Amino acid sequence: MAITDKIYVKNHRQLSSQLETNIPKGAFKGATLDMLFQGEGLEKLDDATRDRVLEFTEDFLDCECDNNPYCGCPERKFIQYLLDLRAQGLGPDAIVDVMTDDYMVYAYPGDVLSFLDSGVRTLEAAEHLANVDGAVDKRDEIRQAKQDLAR
């Protein structure tokens, strides 16, 4: 299961009430993406909530794909956002705090830790493959990325 399947809308019930419609708790579920992409009812939200929802929409749903928002770009952009937070030296708890402050979404720190651990394991495998292939420069690049993610 992808990490984006474990990203949830904070204050989900309050948001649903303000929008006068049911939306899934998952931030990357189809109905949630539809609501954000189409922007219907966002004027009903209080200013602070609307600002965060619009920032989420601009940062993750903005692409030129024909299938937007179902093209996979929102998920890839969010994963890159998580990796950027990790590159800043943040741990799982701090990553959850920042994503909640930035976009009113959250995850469980254990799920973020699992995502990061999986990334390290994937990079270890890629490092070994580059070593077997004799691609020393690529191996060193992957090793550095792995060390940055693991710290």
Side-chain angles (χ1 to χ4, degrees), residues 1-12 15-16 19 22-40 42 45 48-151:
M1 181 177 284
I3 184 66
T4 53
D5 292 334
K6 298 175 183 182
I7 305 298
Y8 306 104
V9 177
K10 185 172 171 85
N11 301 329
H12 163 260
L15 197 62
S16 288
L19 292 170
N22 288 329
I23 60 169
K25 192 173 184 176
F28 289 92
K29 299 291 184 194
T32 306
L33 293 176
D34 279 343
M35 184 271 305
L36 294 173
F37 188 70
Q38 295 168 4
E40 295 176 16
L42 295 183
L45 299 174
T49 302
R50 184 175 45 250
D51 288 347
R52 287 186 180 157
V53 168
L54 289 174
E55 286 178 25
F56 181 90
T57 302
E58 290 170 5
D59 290 350
F60 302 112
L61 301 185
D62 187 27
C63 76
E64 300 298 321
C65 297
D66 291 337
N67 295 345
N68 189 11
Y70 304 108
C71 54
C73 290
E75 292 85 352
R76 282 190 292 279
K77 288 178 180 182
F78 195 82
I79 288 170
Q80 185 60 53
Y81 167 73
L82 294 176
L83 293 173
D84 290 344
L85 292 175
R86 181 61 179 159
Q88 295 172 27
L90 300 179
D93 290 319
I95 289 172
V96 170
D97 291 343
V98 170
M99 79 170 74
T100 301
D101 289 344
D102 287 351
Y103 301 111
M104 286 184 49
V105 297
Y106 70 95
Y108 295 103
D111 289 336
V112 174
L113 179 61
S114 179
F115 162 72
L116 296 172
D117 184 61
S118 177
V120 169
R121 302 297 162 238
T122 300
L123 289 170
E124 283 177 346
E127 179 185 4
H128 290 305
L129 289 172
N131 192 43
V132 168
D133 196 36
V136 176
D137 290 342
K138 187 51 105 175
R139 180 201 65 203
D140 293 344
E141 179 184 334
I142 294 169
R143 180 178 291 151
Q144 184 60 50
K146 178 187 74 173
Q147 289 171 347
D148 291 346
L149 190 59
R151 63 181 153 120

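Residues: numbered from 1 along the sequence shown. Just so we're clear, the structure is a prediction, and the values are computed from it rather than from any experiment.
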- Charged N to carboxylate O under 4.0 angstrom, Arg143 versus Glu127? yes
- Message: What I want to check is whether the side chains of Asp84 and Gln80 have a donor and an acceptor closer together than 3.5 Å.
- Response: yes
Close side-chain approach of [X] and [Y], heavy atoms under 4.5 Å:
| X | Y | result |
| --- | --- | --- |
| Ile3 | Phe78 | no |
| Tyr108 | Val112 | no |
| Leu42 | Met35 | yes |
| Phe60 | Leu36 | no |
| Tyr81 | Met99 | yes |
| His128 | Asn131 | no |

- Item | Steps toward side-chain contact (heavy atoms from CB on, under 4.5 Å) verdict (Leu129, Asp133) | CA-CA 6 Å; Leu129 289 172; Asp133 196 36; over 6 Å; no
Would you find a donor on one side and an acceptor on the other, under 3.5 Å apart, between the side chain of [X] and the backbone of [Y]?
| X | Y | result |
| --- | --- | --- |
| Thr100 | Val105 | yes |
| His12 | Ile23 | yes |
| Thr122 | Ser118 | yes |
| Thr57 | Val53 | yes |

Within this structure, what is the [atom1]-[atom2] distance for the pair [X] and [Y], rounded to the nearest 0.5 Å?
| X | Y | atom1 | atom2 | value |
| --- | --- | --- | --- | --- |
| Glu124 | Ile142 | CD | CD1 | 11.5 Å |
| Asp102 | Asp59 | CG | CG | 8.5 Å |
| Asn22 | Ser16 | CG | OG | 5.5 Å |
| Ser114 | Arg121 | OG | CZ | 10.5 Å |
| Gln147 | Leu123 | CD | CG | 11.0 Å |
| Leu33 | Glu75 | CG | CD | 6.5 Å |

- Heavy atoms of Leu45 and Arg50 approach each other most closely as O-NH1, 2.7 Å
- Query: Closest approach of Ile79 and Thr4, non-hydrogen atoms and distance?
  - Reply: CG1-CG2, 4.2 Å
[X] atom [atom1]: more than 12 heavy-atom contacts under 6.0 Å:
| X | atom1 | result |
| --- | --- | --- |
| Lys77 | NZ | yes |
| Lys10 | NZ | no |
| Asp66 | CG | no |

- Task: Could you tell me whether Phe56 and Phe28 have their ring centroids closer than 6.0 angstrom?
- Result: yes
- Can Ile95 and Leu116 be said to form a side-chain contact (heavy atoms from CB on, under 4.5 Å), step by step? CA-CA 11 Å; Ile95 289 172; Leu116 296 172; 4.3 Å; yes
- Val9 vs Met104, side-chain contact (heavy atoms from CB on, under 4.5 Å): CA-CA, chis, key distance, verdict: CA-CA 6 Å; Val9 177; Met104 286 184 49; 5.9 Å; no
- Taking the six-membered ring for Trp, are Tyr106 and Tyr8 parallel (under 30°), tilted (30 to 60°) or perpendicular (over 60°)? tilted
- Message: Before you tell me yes or no, could you show the steps for Glu141 and Lys138 under salt bridge (Lys or Arg N to Asp or Glu O under 4.0 Å), namely the whole-Å CA-CA distance, both residues' side-chain angles and the distance that decides it to 0.1 Å?
- Response: CA-CA 5 Å; Glu141 179 184 334; Lys138 187 51 105 175; 3.5 Å; yes
